[in-house]
Amino acid sequence: MSDSETKTKLPAYTIKGLTKVYGEGPTAVHALRGVDLEIPQGELVVLLGPSGSGKSTFLNIIGGLDRATEGTVHFQDQELTGMTDSKLTLYRRNHVGFVFQFYNLMPSLTAHENVELVTEIASDPLNPDEALNLVGLKDRANHFPSELSGGEQQRVAIARAVAKQPTVLFCDEPTGALDSTTGRTVLKVLKDLNEKLGTTILIVTHAAATADMADRVINFADGAIREVTKNKTKVNPEDIHW
């Protein structure tokens with residue numbers, strides 16, 4: 001078996017004893033309390049839990065935006081927790097796409113230009129038009145963010161993240177600022193990207209109904225994983241209601 005074949009069989013992430021503490025002494029905040037988890041490649045995973053449960057902190061650490069207090073995170077065969085800042089930057093650039101609740105688009109740039117910004121630093125990017133076509137916005141490429149609806153702006157943000165052809169796509173409350181109808185459209189885009197490109201997708205959300213579309217659901221509470229479940233059958237995003 002070749003090295004590349006062996007690598008494809010590795011989990012996307014292997015997390016052991018992951019702990020994050022903010023501050024010291026009696027006022028210290030324990031955001032994560034010894035999380036152990038394995039995330040297979042190619043899955044669509046939903047992370048659920050109330051505010052302060054640790055799910056966003058978890059996402060930020062495995063996404064290379066924050067550092068753990070204790071524990072280890074392996075991305076495939078690379079240990080992220082021991083990386084220098086410069087190596088973490090390369091990890092984010094080469095492997096990770098981010099989508100947030102607020103779209104963070106450049107208002108003075110068109111949809112095409114917002115996506116093109118990312119392709120200029122990626123090693124093997126998609127053409128911006130191709131990325132916009134994947135999210136159903138090819139015909140809106142020359143529109144500015146102010147000329148797009150909230151759902152369209154979020155889809156541009158997704159196209160921008162996907163244009164890097166990331167191994168993993170992290171979505172932190174991607175439907176949080178959208179109504180349920182528009183939110184379902186965005187979730188369908190994420191489902192289609194997972195199926196078409198094989199991208200591992202992690203979605204942090206408060207909308208519990210979103211869990212029904214996932215391969216795997218991770219429930220957080222008080223900085224720890226309360227439960228991990230696998231869906232035997234998955235619901236189409238169009239049928240999700242919250």
Side-chain angles (χ1 to χ4, degrees), residues 7 9-102 104 121 157 161 164 166-176 199-208 210-211 214-230:
K7 188 171 292 187
K9 294 184 181 298
L10 292 170
Y13 292 95
T14 304
I15 298 109
K16 295 182 179 179
L18 191 63
T19 300
K20 181 66 178 182
V21 182
Y22 295 99
E24 297 179 353
T27 61
V29 176
H30 294 261
L32 293 175
R33 302 173 183 266
V35 170
D36 296 318
L37 186 66
E38 187 173 283
I39 300 174
Q41 290 192 54
E43 286 197 353
L44 193 155
V45 179
V46 167
L47 286 69
L48 293 178
S51 295
S53 61
K55 57 190 188 301
S56 290
T57 299
F58 173 81
L59 204 71
N60 287 339
I61 291 174
I62 70 171
L65 295 175
D66 198 359
R67 289 188 178 274
T69 304
E70 294 181 3
T72 59
V73 177
H74 281 83
F75 167 70
Q76 297 178 355
D77 59 353
Q78 303 175 57
E79 185 184 346
L80 301 184
T81 37
M83 284 186 175
T84 62
D85 288 345
S86 60
K87 287 186 176 180
L88 274 179
T89 298
L90 288 175
Y91 157 71
R92 292 192 302 269
R93 178 183 296 175
N94 296 329
H95 296 288
V96 180
F98 292 98
V99 178
F100 299 102
Q101 178 176 350
F102 300 104
N104 298 323
I121 63 168
K164 292 169 56 178
T167 312
V168 187
L169 184 61
F170 293 104
C171 307
D172 196 352
E173 297 287 357
T175 62
T199 309
T200 304
I201 298 180
L202 279 73
I203 304 173
V204 163
T205 181
H206 286 95
T210 306
D215 294 295
R216 187 178 305 262
V217 183
I218 302 168
N219 282 276
F220 277 81
D222 299 321
I225 293 177
R226 182 177 63 190
E227 184 181 20
V228 178
T229 57
K230 291 187 66 177

Subject >> With R216 via salt bridge (charged side-chain N to carboxylate O under 4.0 Å, His left out) - residues at least two apart >> reply: E43
Original post:
Would you say the side-chain atoms of T27 pair up with the backbone N or O of G25, donor to acceptor, closer than 3.5 Å?
Top reply: no
**OP:** Measure up the F220 and F58 rings against each other and bin them: parallel (under 30°), tilted (30 to 60°), perpendicular (over 60°).
**Re:** tilted
Subject >> Verdict with supporting geometry, L65 and R92, side chain to side chain contact (heavy atoms under 4.5 Å, CB included) >> reply: CA-CA 8 Å; L65 295 175; R92 292 192 302 269; 3.7 Å; yes
Original post:
So which heavy atom on G223 is nearest to which on V35, and how close?
Top reply: O-CG2, 3.8 Å
Original post:
Which residues pass the side chain to side chain contact (heavy atoms under 4.5 Å, CB included) test with T81, sequence neighbours left out?
Top reply: A68, T72, V73, E79
Original post:
Can you name the residues that form a salt bridge (charged side-chain N to carboxylate O under 4.0 Å, His left out) with E173, not counting sequence neighbours?
Top reply: none
Original post:
side chain to side chain donor-acceptor pair (under 3.5 Å) with H30: which residues, sequence neighbours excluded?
Top reply: none
**OP:** State, to 0.1 Å, how close Y91 and G64 come at their nearest heavy-atom pair, and which atoms those are.
**Re:** CE2-N, 4.0 Å
**OP:** Count the heavy atoms of every other residue, nucleotide or ligand shown that sit under 6.0 Å from CG of D222, and state whether that count exceeds 12.
**Re:** no
Subject >> Which atom of T200 lies closest to which atom of P40, heavy atoms considered >> reply: CG2-O, 4.0 Å
**OP:** Under the side chain to side chain contact (heavy atoms under 4.5 Å, CB included) rule, collect the residues that match up with E227, sequence neighbours excluded.
**Re:** N219, T229
Subject >> Residue pair L48 / A211: nearest heavy atoms and the distance that separates them >> reply: CD1-CB, 3.8 Å
Original post:
Pick from V46, I218, L47, V45: which one makes a side-chain contact (heavy atoms from CB on, under 4.5 Å) with V204?
Top reply: L47
Subject >> Test item: F98 and N104 side chains (from C-beta on) under 4.5 Å apart, heavy atoms >> reply: no
Original post:
For D172, which residues count as a salt bridge (charged side-chain N to carboxylate O under 4.0 Å, His left out) partner, sequence neighbours excluded?
Top reply: none
Original post:
Looking at residues at least two apart in the chain, or sitting in another chain, which of them share a side chain to side chain contact (heavy atoms under 4.5 Å, CB included) with S51?
Top reply: H206
Original post:
Can you name the side chain to side chain donor-acceptor pair (under 3.5 Å) partners of D66, sequence neighbours left out?
Top reply: K20, Y22
Original post:
Is there a donor-acceptor pair under 3.5 Å between the side chain of K55 and the backbone N or O of T205?
Top reply: no
**OP:** Measure the CG-OG1 distance between L32 and T69 for me, rounded to the nearest 0.5 Å.
**Re:** 8.5 Å
**OP:** Can you sort out the partners of Q101 under side chain to side chain donor-acceptor pair (under 3.5 Å), two or more places apart, ordered by chain and number?
**Re:** none
**OP:** Quick one: closest heavy-atom pair of L80 and I62, and the distance?
**Re:** CD1-O, 3.5 Å
Subject >> Minimum heavy-atom distance between P166 and G97, given as atom pair plus value >> reply: CB-N, 3.5 Å
Original post:
CD1/I15 to CG/L37 distance, rounded to the nearest 0.5 angstrom?
Top reply: 4.5 Å
**OP:** Under the side chain to side chain contact (heavy atoms under 4.5 Å, CB included) rule, collect the residues that match up with T14, sequence neighbours excluded.
**Re:** P11, K16, E38, H74
Original post:
Who are the salt bridge (charged side-chain N to carboxylate O under 4.0 Å, His left out) partners of R67, not counting sequence neighbours?
Top reply: D85
Subject >> Contacts of T167 that satisfy side chain to side chain donor-acceptor pair (under 3.5 Å) - sequence neighbours left out >> reply: H95
Subject >> Straight-line distance of Q41 CD to T199 OG1, nearest 0.5 Å >> reply: 11.0 Å
Original post:
What distance do S56 atom OG and F170 atom CZ have between them, rounded to the nearest 0.5 Å?
Top reply: 12.0 Å
Subject >> Nearest-0.5 Å distance, CD1 of residue I39 to CG of residue L202 >> reply: 4.5 Å
Subject >> Rounded distance (nearest 0.5 Å) linking atom CD of E70 with atom CG of L18 >> reply: 10.0 Å
